[in-house]
Protein chains: 2
Amino acid sequence: MAGVRDQKKKQTRAAILKAAVKLFSRQGYEQTSIDQLARAAGIGKGTVYSYFQTKSEIFLAFCEEQLEFINRELAARSNPEAPLLQQLLTFFQGEFRFVSRNREFGRIFLRETVFPKDFTGERARQLDDKYIDILIPIFKQAQARGELRTDLELIVVTGHFYALYIMTVSAWYMGRLHSEEDVAMGMELLFEQALRGLAPIKAREAAAHGAGK
Amino acid sequence: MAGVRDQKKKQTRAAILKAAVKLFSRQGYEQTSIDQLARAAGIGKGTVYSYFQTKSEIFLAFCEEQLEFINRELAARSNPEAPLLQQLLTFFQGEFRFVSRNREFGRIFLRETVFPKDFTGERARQLDDKYIDILIPIFKQAQARGELRTDLELIVVTGHFYALYIMTVSAWYMGRLHSEEDVAMGMELLFEQALRGLAPIKAREAAAHGAGK
DNA sequence: CGATAAAAATGACCGCGGTCGAGTTTTTCC
DNA sequence: GGAAAAACTCGACCGCGGTCATTTTTATCG
């Protein structure tokens with residue numbers, strides 16, 4: 001029927017991804033050749049390219065799975081009542097943990113995500129739509145609690161914090177921040193700076209005290 | 001003498017870079033092979049690798065020259081009396097112009113700069129030390145004029161704005177911002193948001209009015 | 001079922017970035 | 001000046017990512 005062929009295609013695609021997870025994890029991205037990947041998936045090299053257009057696309061699919069998982073976990077663990085700063089830190093620090101677990105993966109992933117090739121642009125946009133979906137509700141609640149100005153476009157606010165997150169990670173890759181604690185502290189510092197401007201006037205005094213070191 | 005050999009080395013290095021400028025500009029980075037580059041510089045392929053460790057290193061050297069030039073120009077053209085927001089926008093918009101002139105160059109450059117490989121880390125750090133050298137004086141003047149809080153580590157402030165710049169450029173690469181004007185507006189929006197928190201209390205009203213559209 | 005057309009799998013092949021040992025030039029030292 | 005050592009140049013070579021003409025599998029229909 002209509003499904004027979006398509007089903008096999010799904011299976012093959014899954015086999016490739018499974019092999020990718022195994023090999024990438026074991027020997028790293030650069031050290032895994034497409035040929036090797038194909039063998040591990042039980043198919044020929046050329047076949048891989050009828051499922052994915054490029055090697056990095058396979059990698060992105062792999063990362064998406066991982067991130068999906070992590071994001072679900074983070075969402076479940078988050079506390080909607082906590083102060084905004086707290087929630088943001090928890091979220092982004094979780095995100096960073098994924099990156100820091102494997103430096104190389106994270107680098108490739110971020111490079112591709114933050115500065116995508118024109119062709120990968122669509123994928124990248126979907127990816128950080130996920131960020132938006134997660135963060136916007138948090139911001140709305142914060143607005144309701146009076147922790148965040150209500151005259152802002154929340155998508156821009158998302159971009160603002162995401163930017164600071166990226167910068168912190170970048171500092172880590174450049175060797176300016178070393179440990180996970182350094183990163184956490186750097187992020188907190190930047191977030192506080194941002195919040196002082198993002199919080200409505202009434203809340204500013206509180207933010208300055210409560211969040212200030 | 002001591003200089004004979006060394007001088008020739010300088011010449012060869014320069015020849016490689018010159019060839020790189022020509023070929024990269026004419027046919028793009030990916031489309032230029034090392035072999036081609038070597039021929040154009042009048043040397044063998046292997047020799048190239050005794051001057052640069054990798055292709056992207058050649059590219060970075062090329063970018064550094066360009067940026068050096070652009071930064072000098074921007075510095076000369078800048079007006080130390082102008083409002084902080086104005087100066088920042090001028091600077092980063094100039095920076096962006098370099099990137100937008102050639103999408104591909106900019107992407108590779110930013111990828112390598114923001115998320116450097118461990119080996120390239122040193123180079124990347126030097127590069128954004130340049131940013132620091134340029135921006136810190138601007139911030140100090142702004143502090144003197146009362147436009148910027150004086151209780152901040154200026155290096156973190158630099159990071160903050162640089163982060164927002166990176167984010168804006170990223171949005172451009174992802175196709176969320178299209179024209180140079182879009183980018184300029186997005187940047188201004190983010191910078192204003194940041195400034196509201198960065199400016200000392202007395203200046204906040206002014207910033208909100210003067211900078212608000 | 002057998003013939004035929006469409007879809008999918010394949011691996012030889014291409015050009016590339018990067019390596020390496022053999023060959024060449026320069027320096028050093030007597 | 002000449003011989004040994006050190007520094008430098010080179011292009012054949014390697015494995016890779018990606019392509020494509022060919023072969024193999026599957027669906028369709030008389």
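In what follows, chains carry the letters A, B, and so on, assigned in the order in which the sequence lines appear, proteins first and then strands, with residues in each chain numbered from 1.
Residues from residues 34-58 of chain A lying near DNA chain D, meaning a heavy-atom separation below 4.0 Å, are A:Ile34, A:Lys45, A:Tyr49, A:Thr54, A:Lys55 in numerical order.
The CD1 atom of A:Ile34 lies 6.0 Å from the NZ atom of A:Lys55; values are rounded to the nearest 0.5 Å.
Here the P atom of nucleotide D:dG18 and the CD1 atom of A:Ile16 are 14 Å apart, to the nearest Å. Atom CD of B:Glu30 and atom P of C:dG15 are 17 Å apart (whole Å). Summarising the geometry, the separation between OH on A:Tyr29 and C1' on D:dC16 is reported as 12 Å, rounded to the nearest angstrom.
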Side-chain donor/acceptor pairs under 3.5 Å, residues 167-174 of chain B, sequence neighbours excluded:
{"unit_1": "B:Thr168", "atom_1": "OG1", "unit_2": "B:Leu164", "atom_2": "O", "d": "2.7"}
{"unit_1": "B:Ser170", "atom_1": "OG", "unit_2": "A:Val114", "atom_2": "O", "d": "2.7"}
{"unit_1": "B:Trp172", "atom_1": "NE1", "unit_2": "B:His178", "atom_2": "O", "d": "3.3"}
{"unit_1": "B:Tyr173", "atom_1": "OH", "unit_2": "B:Arg103", "atom_2": "O", "d": "2.8"}
{"unit_1": "B:Tyr173", "atom_1": "OH", "unit_2": "B:Arg107", "atom_2": "N", "d": "2.8"}

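Between A:Phe92 and A:Phe191, the distance separating the two ring centers is shorter than 6.0 angstrom.
A donor-acceptor pair under 3.5 Å is formed between the side chain of A:Tyr29 and the backbone N or O of A:Ser56.
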Audit row: A:Gln27, A:Gln36, side chain to side chain donor-acceptor pair (under 3.5 Å) steps and yes/no: CA-CA 11 Å; A:Gln27 25 175 120; A:Gln36 208 180 0; 3.1 Å; yes
